[in-house]
S.K.: 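Before I ask anything, let me first share the structure, which is written out below as structure tokens.
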Amino acid sequence: MSKLSRRQVLLAGLGAGGLLSGLQEQRRRRLLEAEQKNLTDTLLGNPDYVQNSVNRAIEGDLESSAEIEKIHASLNLQSPNTAYDRTVSKILIQCSRLATEQYLTGKFDLRFNGTIAGLPSHSPRLDQYTQVASIKGPDTVTAKRTIDIDGNLLNDPLVARTMRLKSLVQHLAGQALVIKWSYPVFWGFILRGETRNILVLRGTQRANEWLDTLRANQVRSDAVPRFDFKGAIHHGFATIYSELSKPIIAAAKRLDQSKPLYVSGHSLGSPLAMLAALDIAQKLPSLRDRIRLYSYAGPRLGDPEFAEHFSLTLPNTYRVVNLGDLVPSLPPTRARSLTYVHAGEQWVFPPMSSDVGPNHFISAYRNAVEAEQEQLVKRQARL
């Protein structure tokens with residue numbers, strides 16, 4: 001039998017070492033699993049421990065529910081001094097659809113000037129109105145590109161001696177380069193009518209807008225340029241509206257200040273419409289008492305201090321909610337150490353679908369409002 005080579009001896013040693021290491025790891029895992037099982041059996045086999053755990057879980061749920069109820073019960077919101085107008089609501093939810101069509105048309109047709117008259121959802125119902133402005137603002141787009149680095153570059157002696165450069169190249173290799181840029185898009189429009197004026201802001205269309213809806217961070221007015229408010233509001237909504245304030249105020253100044261101004265929006269357009277209404281009320285005081293706010297499928301916007309101040313400033317605020325829609329329950333009333341509540345008189349209608357998505361669609365709200373299915377809820381929102 002030939003003698004084993006040095007390479008074979010080394011490989012055999014490595015194999016034996018690997019086997020031993022594997023056996024030790026298996027033994028360690030078995031001991032850990034046995035210890036965990038013993039601990040679990042001991043705890044779950046202890047009636048006092050089980051009962052105490054159940055009690056703590058139940059008490060925790062009850063405490064959370066009680067805390068949320070207390071938050072809602074303590075709200076001091078002003079009731080509207082004008083009645084909810086079903087005729088106007090039908091026009092406003094139609095306009096919310098048109099705002100979406102305006103955005104999508106402008107996204108694919110760079111020659112589109114924002115005129116809503118030729119859009120699919122326009123109808124003779126709106127012939128009495130003249131469009132006096134289109135609201136445009138930035139939209140952030142993100143692009144990703146993977147950087148391919150030649151692997152031979154890392155073996156180059158010159159690169160190897162330059163450790164800083166080598167580290168940089170290794171860090172970039174195979175990663176995605178993220179580029180962000182903004183371009184103007186349509187966010188809504190303003191209509192002038194014989195008896196009323198209308199401002200409508202569109203809902204959520206892009207993924208980054210949904211992320212802004214879900215992020216629950218709050219900011220106060222000192223962190224938001226060109227806009228003032230009491231309390232704290234959702235950071236994402238505040239950021240978006242801060243870019244829309246200037247064109248909205250400029251357009252509102254062109255309106256007849258003696259006529260009612262109806263402000264509206266669906267989904268993301270709902271909190272933006274709230275901020276627009278408050279902004280106009282503060283910067284154009286002559287319009288304050290003539291503002292009527294109708295929101296559809298809107299998420300929560302701010303904390304109790306904000307909601308109470310908003311309600312006092314703009315009492316003629318109405319929220320239309322599909323009871324099967326998840327969005328009006330976002331962000332949660334209690335999100336970490338933050339508190340979110342709704343403002344406005346609530347009008348609800350039964351779910352239009354057994355699925356979450358369709359219950360949020362503009363079509364679901366439009367069908368319900370056209371059929372006059374929305375009903376007043378006298379108590380403040382629990383959604």
S.K.: Nearest 0.5 angstrom please: Met274 CE to Arg300 CZ, how far?
M.R.: 12.0 Å
S.K.: For Gly231, is there any backbone N or O sitting under 3.5 Å from a side-chain donor or acceptor partner on Gln218?
M.R.: no
S.K.: Ile116 and Gln102: which non-hydrogen atoms are nearest, and at how many Å?
M.R.: CG2-NE2, 4.3 Å
S.K.: Say whether Ser221 and Asp228, considering side chains only, have a donor N or O and an acceptor N or O under 3.5 Å apart.
M.R.: yes
S.K.: Count the heavy atoms belonging to other residues, nucleotides or ligands that lie under 6.0 Å from CZ of Arg366, then report whether that count exceeds 12.
M.R.: yes
S.K.: Let me see the working for Leu126 and Cys95 under side chain to side chain contact (heavy atoms under 4.5 Å, CB included), right down to the final yes or no.
M.R.: CA-CA 9 Å; Leu126 298 175; Cys95 286; 4.1 Å; yes
S.K.: Which distance, rounded to the nearest 0.5 Å, do you find between the CG of Asn316 and the OG1 of Thr313?
M.R.: 12.0 Å
S.K.: Answer yes if the side chains of Tyr318 and Thr82 hold a donor-acceptor pair under 3.5 Å, and no otherwise.
M.R.: yes
S.K.: Test Leu255 against Leu284 for side chain to side chain contact (heavy atoms under 4.5 Å, CB included), laying out the working first.
M.R.: CA-CA 11 Å; Leu255 299 173; Leu284 302 174; over 6 Å; no
S.K.: Between the side chains of Ser245 and Lys283, does any donor sit under 3.5 Å from an acceptor?
M.R.: yes
S.K.: So, Lys259 and Glu194, do they make that salt bridge, N to O below 4.0 Å?
M.R.: no
S.K.: Grab the two heavy atoms, one from Arg319 and one from Ala343, that are nearest each other, plus how far apart they are.
M.R.: CD-O, 3.3 Å
S.K.: Taking Ser89 as the fixed residue, which of Tyr365, Tyr294, Tyr296 is the one that meets the side-chain hydrogen bond (donor to acceptor under 3.5 Å, both in side chains) rule?
M.R.: Tyr296
S.K.: How about Tyr241 and Asp279: does a side-chain donor come under 3.5 Å of a side-chain acceptor?
M.R.: yes
S.K.: Salt bridge (charged side-chain N to carboxylate O under 4.0 Å, His left out) between Arg125 and Glu370: does it pass, once the steps are laid out?
M.R.: CA-CA 13 Å; Arg125 175 189 280 168; Glu370 290 286 356; 2.9 Å; yes
S.K.: How long is the span from the CG atom in Leu191 to the CG atom in Leu98, to the nearest 0.5 Å?
M.R.: 8.5 Å
S.K.: Of all heavy-atom pairs between Ser79 and Pro315, which one has the smallest distance, and what is that distance?
M.R.: O-CB, 3.7 Å
S.K.: To the closest 0.5 Å, what do you measure between OG1 (Thr239) and CG (Leu244)?
M.R.: 11.0 Å
S.K.: Can you tell me how far the CD1 atom of Ile280 sits from the CZ atom of Arg290, to the nearest 0.5 Å?
M.R.: 14.0 Å
S.K.: Angle class for the His234/Phe237 ring planes (parallel below 30°, perpendicular above 60°, tilted otherwise)?
M.R.: parallel
S.K.: Once rounded to the nearest 0.5 Å, what's the spacing between atom CD of Gln375 and atom CH2 of Trp347?
M.R.: 7.0 Å
S.K.: Under 6.0 Å from the ring centre and within 45 degrees of the ring axis: does the NZ or CZ of Lys230 meet both conditions for the six-membered ring of Phe306?
M.R.: no
S.K.: Taking all atoms of both residues into account, what is the closest heavy-atom pair of Ile190 and Ala251, and its distance?
M.R.: CD1-CB, 3.3 Å
S.K.: Are a donor atom and an acceptor atom from the side chains of Arg202 and Ser96 found within less than 3.5 Å of each other?
M.R.: no
S.K.: Taking Phe361 as the starting point, is it possible to reach Leu326 by hopping between hydrophobic residues whose side chains are less than 4.5 Å apart?
M.R.: no
S.K.: Heavy atoms only: give me the nearest Asn76-Glu308 pair and the separation to one decimal.
M.R.: N-OE2, 3.1 Å
